[in-house]
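Let me begin by presenting the structure, written as structure tokens, before commenting on it.
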2 protein chains.
Amino acid sequence: MRIGELAQRSGVSPRALRYYEQNGLIRARRSTNGYREYDEADVRLVAEIRSLIAVGFTLEDARPFVECLKAGHESGGSCPESVAVYRRKLADIDADIRSLLARRSEVAAQLAQACPGCLITRGES
Amino acid sequence: MRIGELAQRSGVSPRALRYYEQNGLIRARRSTNGYREYDEADVRLVAEIRSLIAVGFTLEDARPFVECLKAGHESGGSCPESVAVYRRKLADIDADIRSLLARRSEVAAQLAQACPGCLITRGES
DNA sequence: CTTGACCTTGACACCGGCGTCAACGCTTAC
DNA sequence: GTAAGCGTTGACGCCGGTGTCAAGGTCAAG
């Protein structure tokens with residue numbers, strides 16, 4: 001299939017697909033007229049990428065998963081490199097959450113100081 | 001004082017100060033040669049901006065606080081507009097935290113599915 | 001032959017808060 | 001005079017994942 005069909009079936013734009021290719025995530029065969037030609041496996045690759053993007057992964061993060069699928073594994077996350085990314089992302093998310101909680105309390109403290117009584121305390125255990 | 005001194009005393013770069021001015025947060029008088037001229041009140045304004053930036057506010061968010069100080073209030077957060085920003089930011093942060101928690105559990109679920117046993121469950125209560 | 005729908009590459013725009021460089025003016029010290 | 005060290009404005013770069021437009025090639029249908 002060509003890029004338009006893959007785009008429709010994957011729910012992404014042709015632009016995005018070209019961008020993935022530009023970053024080495026998906027290589028397309030070229031037909032004689034220069035058009036990109038994809039197969040069913042590529043649909044799977046794009047789905048993997050989108051599902052990772054959806055949970056906040058970057059394209060760089062997605063790379064090992066795509067490679068894992070290309071290598072023939074039935075799941076993109078079953079390779080050690082993918083698992084390493086999973087762990088790292090979990091750690092990143094945890095760090096972000098801690099950072100947000102800290103910022104939240106700082107903001108609440110500033111508000112309490114600037115305007116005592118403005119902050120409705122609820123569940124500050 | 002001129003921009004270099006204000007920059008040193010505030011711990012920001014001259015570039016940042018010009019950027020704040022460009023965004024209408026701080027106006028500087030101009031001496032006859034065109035140099036920006038600041039006073040002590042400006043030191044306070046910059047400090048307010050930096051303290052807000054430090055907790056994740058944008059310059060737009062900081063604007064009401066600066067205006068509040070300019071209006072003569074002793075605290076930048078004591079004006080109703082500032083309090084509104086405080087509340088909005090707290091809501092934003094809470095939303096971000098919820099989003100991160102959701103993403104965290106999705107990632108953990110994907111990891112658990114792709115590689116059962118890889119995820120060391122700890123305190124998932 | 002022409003229209004129109006598809007494809008190609010290349011490049012600019014976005015968002016925020018600056019860093020950095022260019023090219024130039026002012027002021028002071030030597 | 002001149003060099004150093006301040007100041008000025010203007011403009012590009014960054015980061016990620018596209019959207020969007022430009023200018024053109026390809027191909028099937030009428």
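Every chain is numbered from 1 and lettered A, B, ... according to where its sequence line falls, protein lines coming before strand lines.
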query = Would a 4.5 Å heavy-atom cut-off, applied to side chains only, mark A/Ser75 and A/Cys68 as touching?
reply = no

remark   = Atom CG of B/Leu59 and atom C1' of C/dC15 are separated, to the nearest Å, by 13 Å

inquiry  = Using modelled atom types and a 3.5 Å cut-off, is there a donor and acceptor pairing between side-chain atoms of B/Arg9 and backbone atoms of B/Glu40?
reply    = no

inquiry  = In whole Å, I'd like the distance from the CG atom of B/Leu52 to the C1' atom of C/dG17.
reply    = 15 Å

message = At 10 degrees resolution, what angle do the end axes of the helix from C/dC1-D/dG30 to C/dC30-D/dG1 form when each is taken over five base pairs?
response = 50°

remark   = Whole-Å distance, A/Tyr38 OH to C/dT8 C1', equals 12 Å

query = Could you walk me through whether A/Asp61 and A/Thr58 pass the side chain to side chain donor-acceptor pair (under 3.5 Å) check?
reply = CA-CA 5 Å; A/Asp61 295 331; A/Thr58 68; 3.1 Å; yes

key: Bounds of contact between DNA chain D and chain B, in 5' to 3' order, using a heavy-atom cut-off under 4.0 Å   = D/dC6 to D/dA11

request  = Take atom CD of A/Glu21 and atom C1' of C/dT8, then tell me their distance rounded to the nearest Å.
outcome  = 11 Å

ask   = Separation of A/Leu6 atom CG from C/dC6 atom P, in whole Å?
value = 15 Å

request  = Let me know the distance between OH of A/Tyr19 and P of C/dA11, rounded to the nearest Å.
outcome  = 16 Å

query = In the hydrophobic clustering that connects Ile, Leu, Val, Met, Phe, Trp and Tyr at side-chain heavy-atom distances below 4.5 Å, which members other than A/Val66 occupy its cluster, ordered by chain and number?
reply = A/Met1, A/Ile3, A/Leu6, A/Val12, A/Leu17, A/Tyr19, A/Tyr20, A/Leu25, A/Ile26, A/Tyr38, A/Val43, A/Leu45, A/Val46, A/Ile49, A/Ile53, A/Leu59, A/Leu69

task = Report yes if a donor N or O on one partner sits less than 3.5 Å from an acceptor N or O on the other, where the partners are the side chain of B/Tyr35 and the base of C/dG25; otherwise report no.
result = yes

inquiry  = Rounding to an integer number of Å, can you tell me how far A/Gln22 CD sits from C/dT9 P?
reply    = 10 Å

ask   = Are side-chain heavy atoms of B/Cys79 and B/His73 found at a separation under 4.5 Å?
value = yes

ask   = For the side-chain contact (heavy atoms from CB on, under 4.5 Å) test, which of B/Leu100, B/Ile93, B/Ile97 pairs with A/Leu101?
value = B/Ile97

request  = Apply the test salt bridge (Lys or Arg N to Asp or Glu O under 4.0 Å) to residues B/Arg30 and B/Glu21: give CA-CA distance (whole Å), side-chain angles for both, the deciding distance (0.1 Å), then the verdict.
outcome  = CA-CA 13 Å; B/Arg30 296 302 182 113; B/Glu21 179 174 338; 3.4 Å; yes

note = Taking for B/Arg50 and for B/Asn33 the nucleotide of DNA chain C with the nearest heavy atom, the one nearer the 5' end belongs to B/Arg50

inquiry  = Any base atoms under 4.0 Å from B/Arg18, or only sugar-phosphate, or nothing? Heavy atoms, all strands.
reply    = base

Distance, rounded to the nearest Å, where A/Arg2 contributes CZ and C/dT8 contributes C1' = 12 Å

message = Are A/Val85 and A/Lys89 packed together at the side-chain level, in the sense that at least one heavy-atom pair is separated by less than 4.5 angstrom?
response = yes

query = When rounded to the nearest 0.5 angstrom, what is the spacing between CG in A/Asp42 and CZ in A/Arg36?
reply = 12.0 Å

